[in-house]
Amino acid sequence: MRYSQMLLPTLKENPSEAEVVSHRLLLRAGYIRKLTSGVYSYLPLGLATLRRVERIVREEMNRAGAQEVLLPVVQPADLWIESGRWVKYGPELLRFTDRHNRESCLGPTHEEVITDLVRMNVHSYRDLPLNLYQIQTKFRDEIRPRFGLMRGREFIMKDGYSFDEQEEGANLTYQKMYDAYHRIFSRCGLAFRAVEADTGTIGGSFSHEFMVLADTGEDTLAICRSGQAPTDGQTCGYAANMEKAAGRPPQMLASRPELLPLTKVETPGKRKVAAVTEFLGISAQELVKTMIFLADGKPVAVLLRGDHEAQDVKLKNLLGAVDVVLADDQQIFDATGVPSGYLGPVGLKIPVVADREIEVMTNFVIGGGEKNYHCRNANLERDFSVGKIGDIRQVTAEDHCPSCGGELEFTKGIEVGHIFKLGTSYSEALKATYLDSSGKEQFFVMGCYGIGVSRVVAAAIEQNHDQDGIIFPLPLAPFQVVILNLSPDDQGITGAAEELYSTLKNRGVDVLLDDRDERPGVKFKDADLIGIPFRVTVGKGFLRDATVEIRERRSGVVQTLHPEEALSWLLAQCEMMSVS
RNA sequence: CGGGGCGUAGCGCAGCCUGGUUAGCGCGCCUGCCUUGGGAGCAGGAGGUCGGAGGUUCGAAUCCUCUCGCCCCGACCA
């Protein structure tokens with residue numbers, strides 16, 4: 001491709017609307033343009049990168065035995081009513097009526113459609129397992145689209161769905177997809193990590209998220225420091241997102257201290273954990289705080305050790321609630337009759353749940369249940385009881401890996417893939433069944449597997465950039481090589497640039513020739529900005545001693561070579577990529 | 001939806017508080033000259049419903065009301 005003929009509008013300045021680096025660079029480098037909030041057009045460069053990701057995804061999905069289909073964007077309400085999600089999905093589902101007044105929606109995901117397709121066409125265990133996927137535009141009317149391609153309303157997703165007999169089959173398919181995802185993100189040239197994830201409202205037994213590691217990521221991951229396994233010296237490999245990550249369960253002390261009598265103490269004006277502990281001369285580990293949450297609107301008291309933080313999703317799961325929010329001061333008083341800051345579990349009339357750490361504590365401090373008072377030497381069971389106990393807190397750096405006891409470290413990541421074992425929830429809702437070998441009707445055991453294809457592009461940039469622009473990994477770059485003709489007026493230089501260009505092109509390399517009538521500085525800046533891995537400069541060095549320059553975008557390493565040498569070096573680099 | 005901010009030329013901004021001539025600046029764009037290894041220089045030029053509607057006023061980018069759009073922080077997600 002010739003730069004002079006390409007729609008590639010680069011920007012010198014940062015667009016004011018873009019805050020995060022991938023968004024900024026995608027706009028500046030002429031990859032995308034916004035049409036409206038959360039909806040973007042892909043320009044040639046953006047599309048080329050998208051296609052690279054898609055191609056890798058296709059190859060690996062096919063290799064793993066999945067078949068590609070293409071499902072409708074517009075879906076009838078009936079199906080969604082049948083699955084129950086017409087009501088459950090909420091305003092994120094963009095609904096409309098057609099001219100016949102039929103209710104419809106834009107597909108935010110395709111469990112309904114695929115399940116319908118399969119129930120109509122697959123009836124026998126002989127046709128199983130079946131694994132179908134598509135790469136397609138999704139629309140979710142997000143509450144708040146942001147960060148450019150990172151969270152658009154319209155985005156491109158690979159979604160796959162598997163249908164198996166029984167659990168074992170489904171587990172096998174899940175493992176295949178897990179492996180395929182590893183191959184996909186490795187081939188993309190990204191640093192990533194698979195983490196255990198919460199299964200969310202979909203339920204199901206397990207789920208993994210694939211996270212591209214980047215400091216700018218929105219999610220936090222807890223990862224076991226490798227090589228810390230105490231016994232066998234193997235890398236442990238434990239990794240989970242914060243919604244799921246757990247520490248080791250607390251250990252009951254071998255000799256439990258004597259239980260001291262509960263005593264009320266005056267703590268005037270001391271409401272915060274820090275103030276109370278300082279006033280009483282204790283550590284936060286010796287205090288149990290009582291927080292009030294509204295679970296689906298109903299107040300619940302939640303007990304946590306003073307230095308711990310609640311984890312909403314874990315709490316949600318323990319309570320079986322759809323939604324939990326922290327109550328405000330007024331709601332706290334309404335629910336308990338006690339002003340916030342002095343709340344304790346004794347004598348509460350609302351349900352009480354506790355973090356499992358509370359179980360091993362003795363003689364701790366709690367709120368006194370009235371203004372300006374706390375109690376010392378409180379003890380679970382003796383002084384109060386709780387409804388449910390479980391892990392409902394955020395893990396901290398002090399926690400240890402639940403599988404090997406090693407240290408946990410925290411990293412930021414961007415979720416680019418998510419795989420779920422769905423079980424039979426959709427097949428039951430939509431009555432999708434097959435006959436097993438004994439002629440008995442069975443529900444399909446399903447799994448679903450998503451990859452945010454357009455988000456991968458954004459995540460790749462978040463992970464790979466510098467002050468000058470994008471640094472795409474070779475497998476994702478829209479062009480592998482950019483040739484700068486620094487003197488389009490000079491016949492010798494132009495001849496050499498053109499020859500390199502056509503030879504590379506004929507050899508299957510995706511190459512961009514900057515043949516514009518621009519000053520060298522402009523070409524250098526643009527080449528850096530758009531992030532092409534290899535830059536070949538044909539300029540005065542060619543006139544001097546018939547050499548060209550190859551510069552690697554990432555390392556900045558420059559080699560001065562004769563064109564034939566440059567050619568074979570570049571071919572070798574690009575060859576290596578297509579083999580992987 | 002709650003909280004914060006912004007809409008003035010393709011992009012980035014000033015002007016608004018304290019109304020008053022043809023509404024400015026930088027970048028980009030067009031023409032010419034010149035220049036050619038890290039976003040050059042000079043000269044000339046095109047490009048604006050000041051987001052929209054209503055109001056106040058002799059007069060509104062500027063003041064008031066309503067409205068639309070966009071961005072950022074929270075709950076959702078690939």
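Every chain is numbered from 1, with letters handed out A, B, ... down the list of sequences.
As rounded to whole Å, 16 Å separates atom C1' of B:C77 from atom NZ of A:Lys158. Between the NE2 atom of A:His23 and the C1' atom of B:C71 there is a distance of 9 Å, given to the nearest Å. The CD-C1' distance, from A:Glu19 to B:G74, rounds to 16 Å in whole Å. In this structure, CG of A:Leu43 is placed 15 Å from C1' of B:C11, rounded to the nearest angstrom. Rounded to whole angstrom, the span from the CZ atom of A:Arg33 across to the P atom of B:G28 amounts to 16 Å. What separates CG of A:Asn14 from P of B:C27 is a distance of 17 Å, to the nearest Å. Atom CE in A:Met211 sits about 13 Å away from atom P in B:C77, given to the nearest Å. The distance from atom CD of A:Gln136 to atom P of B:A78 is 16 Å, rounded to the nearest whole Å.
Comparing the C1' positions of B:C42 and B:G4 gives an interatomic distance of 46 Å, to the nearest angstrom. Comparing B:G12 with B:C71, their P atoms sit 13 Å apart, to the nearest whole Å. Here, B:U62 and B:A23 have their C1' atoms 11 Å apart, quoted to the whole Å. For B:G59 and B:U22, the P atoms lie 16 Å apart once the distance is rounded to whole Å. With both ends at atom P, the span from B:G39 to B:C27 equals 14 Å, rounded to whole Å. For the C1' atoms, the distance from B:U8 to B:G26 is 15 Å, rounded to whole Å. For the C1' atoms, the distance linking B:G3 with B:A78 amounts to 28 Å, nearest Å. The C1' atoms of B:G52 and B:U36 are separated by 48 Å, rounded to the nearest whole Å.
In summary, A:Arg24 and A:Glu19 do not engage in a salt bridge, as defined by a charged side-chain N under 4.0 Å from a carboxylate O. A salt bridge is defined here as a Lys NZ or Arg NE, NH1 or NH2 lying under 4.0 Å from an Asp or Glu carboxylate O, and A:Glu218 with A:Arg151 meets this definition. Taking the charged nitrogens against the carboxylate oxygens, A:Lys138 and A:Glu154 have no contact shorter than 4.0 Å, which rules out a salt bridge. Salt bridge annotation for A:Glu243-A:Lys314: absent, with no cationic side-chain nitrogen under 4.0 angstrom from a carboxylate oxygen.
Within 4.0 Å (heavy atoms only), A:Lys138 reaches no atom of the nucleic acid at all. Counting any heavy atom pair closer than 4.0 Å across all strands shown, A:Tyr449 reaches no nucleic acid atom. Contacts of A:Glu209 with the nucleic acid, taken as non-hydrogen atoms under 4.0 Å apart, are absent. Within 4.0 Å of A:Gly160, counting heavy atoms only, lies no atom of the nucleic acid at all.
Below 30°, between 30° and 60°, or above 60°: for A:Phe185 and A:Phe192 the angle between ring planes is between 30° and 60°, a tilted geometry. The aromatic rings of A:Tyr174 and A:His208 sit tilted, their planes meeting at an angle between 30° and 60°.
Between the side chain of A:Arg146 and the base of B:C73, no donor-acceptor pair under 3.5 Å is found. The base of B:G28 is not paired with the side chain of A:Glu13 by any donor and acceptor separated by under 3.5 Å.
For the side chain to side chain donor-acceptor pair (under 3.5 Å) with A:Trp80, the lone residue among A:Gln75, A:Glu103, A:Glu112 that qualifies is A:Gln75.
OP1 and OP2 of B:G69 both lie 4.0 Å or more from every side-chain N or O belonging to A:Ser37. At B:A78, none of the side-chain N or O atoms of A:Arg151 fall inside 4.0 Å of OP1 or OP2 (strictly under the cut-off). Note on A:Ser16: a side-chain N or O is less than 4.0 Å away from OP1 or OP2 of B:C13. OP1 or OP2 of B:C76 sits under 4.0 Å from a side-chain N or O of A:Lys316.
A side-chain donor-acceptor contact under 3.5 Å links A:Asp334 and A:Gln330.
Nucleotide B:G37 has no partner under the Watson-Crick or G-U criteria, as no pair reaches both atom distances under 3.5 Å. Within the shown strands, B:G52 is the pairing partner of B:C66 under the Watson-Crick or G-U definition, both distances less than 3.5 Å. Look at B:A43: its Watson-Crick or wobble partner, with both distances under 3.5 angstrom, is B:U31. Look at B:C25: its Watson-Crick or wobble partner, with both distances under 3.5 angstrom, is B:G12. When Watson-Crick and G-U wobble pairs are counted only if both distances are under 3.5 Å, B:C1 pairs with B:G74.
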Practice prompt. Would you mind building the protein contact string for nucleotides 34-41 of chain B? One character per nucleotide, 5' to 3', B for base within reach (heavy atoms under 4.0 Å), S for sugar-phosphate only, - for untouched.
Written response: -BBBBBB-
Ignoring hydrogens and angles, write down the donor-acceptor pairs under 3.5 Å from the side chains of residues 537-549 of chain A, residues two or more places apart or on other chains.
unit_1	atom_1	unit_2	atom_2	d
A:Asp545	OD1	A:Thr547	OG1	2.8
A:Thr547	OG1	A:Gly541	O	3.4

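Two residues, A:Arg455 and A:Pro15, neighbour RNA chain B, and the one matched to the more 5' nucleotide by heavy-atom proximity is A:Pro15. In terms of position on RNA chain B, the residue among A:Val416 and A:Glu17 whose nearest nucleotide sits closer to the 5' end is A:Glu17.
For the atom pair CG (A:Asp159) and NE2 (A:His418), the distance works out to 14.0 Å, reported to the nearest 0.5 Å.
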